[in-house]
Amino acid sequence: MMFRKITLWGLAALLSLILPAAAVFIWHRSWLALIVFVIWTFAVGAVLGAIERRKHREHCERLLTHSQLSSIRTLSHHRHDWMNELQILYGYLRLNKLDKAVEVVDRIRTRMDHDSKVSQIGIPELATFLLSFRTVCDTMRLDVDIQDGLHLDRLPYSAEELSRAIIGVVNVIRFRASNPLGGENVLGLSLSEAEGRLTIVLNYEGELVASDSVAADLEKCLEGIGRLDQGDEPAENSRQARKMVIHFPLPA
């Protein structure tokens, strides 16, 4: 694996060791050849270290650029939504329809409360994923319902494992959601906690591709830290609908 990732300069540096090694082999009684080999080896190590640090720095810069672009897209999307709401509110006020204006204000307040709960969930990676979901997925709407005061980082689980599992189960549905002929694909994601145990409820309504393998893929995402309970699907409904509950028991 290491040789697959090595650069041409790194490979050249390693191959250059053949020269001092051959010198040591030929003049095995000469201390000078051995000293040159040792110094050359340290120099090759320094070159490889510099190359690796440069690759790591470039990788971090790419990740930072991607994160910045994602943040800009998310902010732009939210700005567009807020502008739409403000235009509707302004229109109702101009028409003196105060009851309709109050409804818009209540809707804005609800959305602000929702975004506040998501941002305070305690795991930055997960919060970013949930807040930016609308900017990366156009086949499914994600409705998140978070229990008041829920902070996942205070639960007795690994924040990294929880984040990876929750993002994974959402993506399992996301990548199977197909563009519906009518209506909209909606995934409801509810997170609640009681006595240190986390419960996640998934309610999906819409078109779903390869639905038979959903449960197996969800189990893979849980990686043994959670347990999946499946609900019933109404056979008479042409649009697939299902409810799934994931329990995260206390670590043993």
Side-chain angles (χ1 to χ4, degrees), residues 69-85 88 103-104 106-108 110-119 121 123 125-147 150 152 162-192 198-223 226-248:
L69 291 175
S70 178
S71 298
I72 291 173
R73 286 195 299 267
T74 301
L75 290 173
S76 177
H77 195 281
H78 281 275
R79 173 187 172 277
H80 181 267
D81 290 345
W82 292 124
M83 286 300 297
N84 286 341
E85 295 286 9
I88 295 173
E103 291 179 3
V104 175
D106 288 338
R107 187 165 64 238
I108 292 175
T110 300
R111 289 187 54 186
M112 292 179 64
D113 181 63
H114 163 268
D115 289 349
S116 177
K117 288 181 180 179
V118 173
S119 63
I121 201 170
I123 304 179
E125 179 187 11
L126 179 59
T128 301
F129 173 79
L130 297 177
L131 289 172
S132 62
F133 188 83
R134 285 178 291 177
T135 67
V136 298
C137 181
D138 57 1
T139 59
M140 180 184 78
R141 190 180 85 231
L142 179 63
D143 290 340
V144 183
D145 181 24
I146 299 177
Q147 181 185 38
L150 178 62
L152 297 182
L162 266 183
S163 177
R164 185 167 58 245
I166 296 173
I167 292 175
V169 298
V170 171
N171 281 333
V172 166
I173 307 298
R174 167 193 170 192
F175 294 136
R176 283 174 167 77
S178 60
N179 290 315
L181 298 177
E184 183 181 23
N185 296 324
V186 180
L187 174 63
L189 177 69
S190 174
L191 291 84
S192 61
L198 178 65
T199 299
I200 299 176
V201 180
L202 301 173
N203 281 292
Y204 180 77
E205 293 185 4
E207 304 295 337
L208 202 61
V209 178
S211 59
D212 294 341
S213 61
V214 168
D217 286 347
L218 290 176
E219 292 285 2
K220 291 179 182 178
C221 293
L222 298 178
E223 297 180 345
R227 186 182 76 255
L228 173 66
D229 293 333
Q230 295 191 67
D232 298 328
E233 298 181 46
E236 69 278 4
N237 198 336
S238 59
R239 283 170 56 81
Q240 300 182 34
R242 63 171 64 208
K243 177 179 179 179
M244 293 161 284
V245 181
I246 299 172
H247 301 281
F248 289 87

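Excluded from the calculations below are hydrogen atoms, water molecules and symmetry mates; all remaining heavy atoms, backbone and side chain alike, are included.
Between Gly226 and Phe248, the closest heavy-atom pair is CA-CD2, 4.0 Å. For the pair Ser119 and Ala127, the tightest heavy-atom approach, listed with the atom from each and the gap, is CA-CB, 4.2 Å. The minimum heavy-atom distance linking Ser163 with Ile123 is given by the pair CB-CG2, 3.7 Å. In terms of heavy-atom proximity, Ser178 sits nearest to Asn185 at O-ND2, 2.5 Å.
With sequence neighbours excluded, no residue forms a salt bridge (charged side-chain N to carboxylate O under 4.0 Å, His left out) with Arg174. Asp106 is linked by a salt bridge (charged side-chain N to carboxylate O under 4.0 Å, His left out) to Arg109, counting only residues two or more places apart in sequence or in another chain. By the salt bridge (charged side-chain N to carboxylate O under 4.0 Å, His left out) test, Asp113 is found to be paired with Lys117, residues two or more places apart in sequence or in another chain being considered. Residues meeting the side-chain hydrogen bond (donor to acceptor under 3.5 Å, both in side chains) test with Glu219, sequence neighbours left out: none. Contacts of Arg107 classified as side-chain hydrogen bond (donor to acceptor under 3.5 Å, both in side chains), with partners at least two apart in sequence or in another chain: Glu85. Ser116 meets the side-chain hydrogen bond (donor to acceptor under 3.5 Å, both in side chains) test with Gln120; sequence neighbours excluded. Every residue meeting the side-chain contact (heavy atoms from CB on, under 4.5 Å) condition with Arg164, not counting sequence neighbours, appears here in chain and number order: Glu160, Glu161, Glu223. Annotation: salt bridge (charged side-chain N to carboxylate O under 4.0 Å, His left out) contacts of Asp115 (sequence neighbours excluded): none. The side-chain contact (heavy atoms from CB on, under 4.5 Å) search around Thr199 returns Ser192, Val201, Val245, His247, not counting sequence neighbours. For the side-chain contact (heavy atoms from CB on, under 4.5 Å) test, residues two or more places apart in sequence or in another chain that qualify with Arg134 are His77, His78, Asp81, Arg111.
Rounding to the nearest 0.5 angstrom, the gap separating the CE atom in Met244 from the CG atom in Asp229 is 11.5 Å. Taking CG of Asp145 as the reference point, atom CG of Asn203 lies at 10.5 Å (rounded to 0.5 Å). Remark: Leu126 CG to Ile166 CD1 distance equals 5.0 Å, nearest 0.5 Å. Atoms CD1 and CG, on Ile146 and Leu191 in that order, are 6.0 Å from each other to the nearest 0.5 Å. Note: Cys221 SG to Leu228 CG = 10.5 Å, rounded to the nearest 0.5 Å. To the nearest 0.5 Å, the span separating CG on Asp143 from CG on Leu189 amounts to 9.5 Å.
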Open item on the list: Assess the residue pair Val144 and Phe133 against the criterion (side chain to side chain contact (heavy atoms under 4.5 Å, CB included)); give the C-alpha distance rounded to whole Å, side-chain angles, the decisive distance to 0.1 Å, and a yes or no.
Closed with: CA-CA 11 Å; Val144 183; Phe133 188 83; over 6 Å; no
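Taking the side chain as every heavy atom from C-beta outward, Val104 and Ile108 approach each other to under 4.5 Å. With contacts defined as side-chain heavy-atom distances shorter than 4.5 Å, the pair Asn171/Phe129 qualifies. Annotation: side chain of Tyr204 is not in contact with side chain of Val214 (no heavy-atom distance under 4.5 Å).
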